[in-house]
Amino acid sequence: MTEPAHGDTHIRMLISQERIAQRTEELAREVREGLGDGPITCIGVLKGSFIFMADFVRALGGPVRCEFLGVSSYHGGTRSTGVVRITEDLRHPIEGQHCLLIEDIVDTGLTLDYLTHFLAQRKPASIQTVALLDKPAHREVEICASHVGFTIPDEFVVGYGLDLGELYRNLPFIGVYSP
Ligand code: PRP
C-alpha cells in the first residue's frame, strides 16, 4: 500500500496489522515447537517491544514468565548512536530458565549482541531471540535473531511499538516514515 495511513502523510503502510498477527502466530508456534510445553521466560526489550511482546506471549500460550529490560540506544534520532545502555534490569533471576529475548527490530545488531552476552552471564538454561523486524542494511555485528518476523529494507519504520521521537508507537501497523 502506498496511500497515507492514519491521516499522516509522512507515513505509508509497510506491514499491515493482519500480516503482523499472522506472522506472530507462526513465530509463537515455531518457538513452542522448539522449546516444548514447559515454562518460557520472555524478556521484552523496552520500549519498542512492548506491543509485539503483548501479542506474542498470548500467541505462545502455556507457562510463560514476563520480564523486561530497559535499554536505550537511539536517543530520539533516526540513526543509531551505537551506545547500548541498560536503564532497567530484570526483576528476577533467570538461572536455569529457558529464556526468549523479544525485540521489535534488529538494526546494527549492537543491542541484541550486547543483551545476549549480558543475559548469558545470568546462566539461563538457554537463550533464544525473536525479532519482529530485521533490517540488515546497517549491521555492525554479525548477528541474527533466532526467529525473525519480517526482513525489511533500509527505511525508517514506525508503529507497533516503534517510535520517532516517542510518537507513533501506538500505530497498529508498521509504517515507513519519510519527512
Ligand atoms: C531500538 C529497538 C532495539 C534497538 C535495535 O531501541 O527497540 O532495541 O533499537 O537497534 P540496533 O540493532 O541498532 O542495536 P531504541 O534504542 O530505539 O529504544 P526504544 O525501544 O525505547 O524505542
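Both counts, for ligands and for their atoms, begin at 1 and track the order of listing.
- Close approach of ligand 1 to Thr108 (heavy-atom distance below 4.0 Å) involves ligand atoms 11 (P), 12 (O), 13 (O), 14 (O).
- Looking at every heavy atom in both residues, Val71 comes nearest to Thr87 through N-OG1, 3.5 Å.
- Only the side chain of Arg169 comes within contact range of ligand 1, with a heavy atom under 4.0 Å; no backbone atom does.
- Between Gly48 and ligand 1, an N or O atom pair is found at a separation short of 3.5 Å.
- Not a single heavy atom of Leu112 lies less than 4.0 angstrom from ligand 1.
- Only the side chain of Glu103 comes within 4.0 Å of ligand 1, counting heavy atoms alone; its backbone N, CA, C and O stay farther away.
- Residue-level proximity to ligand 1 for Asp107 is carried by backbone and side chain together, each with a heavy atom below 4.0 angstrom.
- Of the charged side-chain nitrogens involved, at least one lies within less than 4.0 Å of a carboxylate oxygen, so that Arg23 and Glu26 count as a salt-bridged pair.
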Quiz prompt | Chi angles and distances behind the side chain to side chain contact (heavy atoms under 4.5 Å, CB included) call for Thr108, Val141 | solution = CA-CA 7 Å; Thr108 64; Val141 273; 6.0 Å; no

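- The ligand atoms of ligand 1 that sit less than 4.0 angstrom from a heavy atom of Asp163 are 22 (O).
- Nearest-heavy-atom check against atom 5 (C) of ligand 1 across Ile105, Leu132, Val106 picks out Ile105.
- Arg12 contributes no side-chain N or O that, together with a main-chain N or O of Gly175, makes up a donor-acceptor pair within less than 3.5 Å.
- A salt bridge links Arg122 to Asp89: at least one charged side-chain nitrogen sits closer than 4.0 Å to a carboxylate oxygen.
- Less than 4.0 angstrom separates some heavy atom of Leu46 from each of these atoms of ligand 1: 20 (O), 21 (O).
- Linking ILVMFWY side-chain heavy atoms closer than 4.5 Å, directly or via other members, places Leu27 and Ile51 in a single hydrophobic cluster.
- The aromatic rings of Phe52 and Phe56 lie tilted to each other, with the angle between the two planes from 30° to 60°.
- Proximity to Thr111 (heavy-atom distance under 4.0 Å) selects the following atoms of ligand 1: 4 (C), 5 (C), 8 (O), 10 (O), 11 (P), 14 (O).
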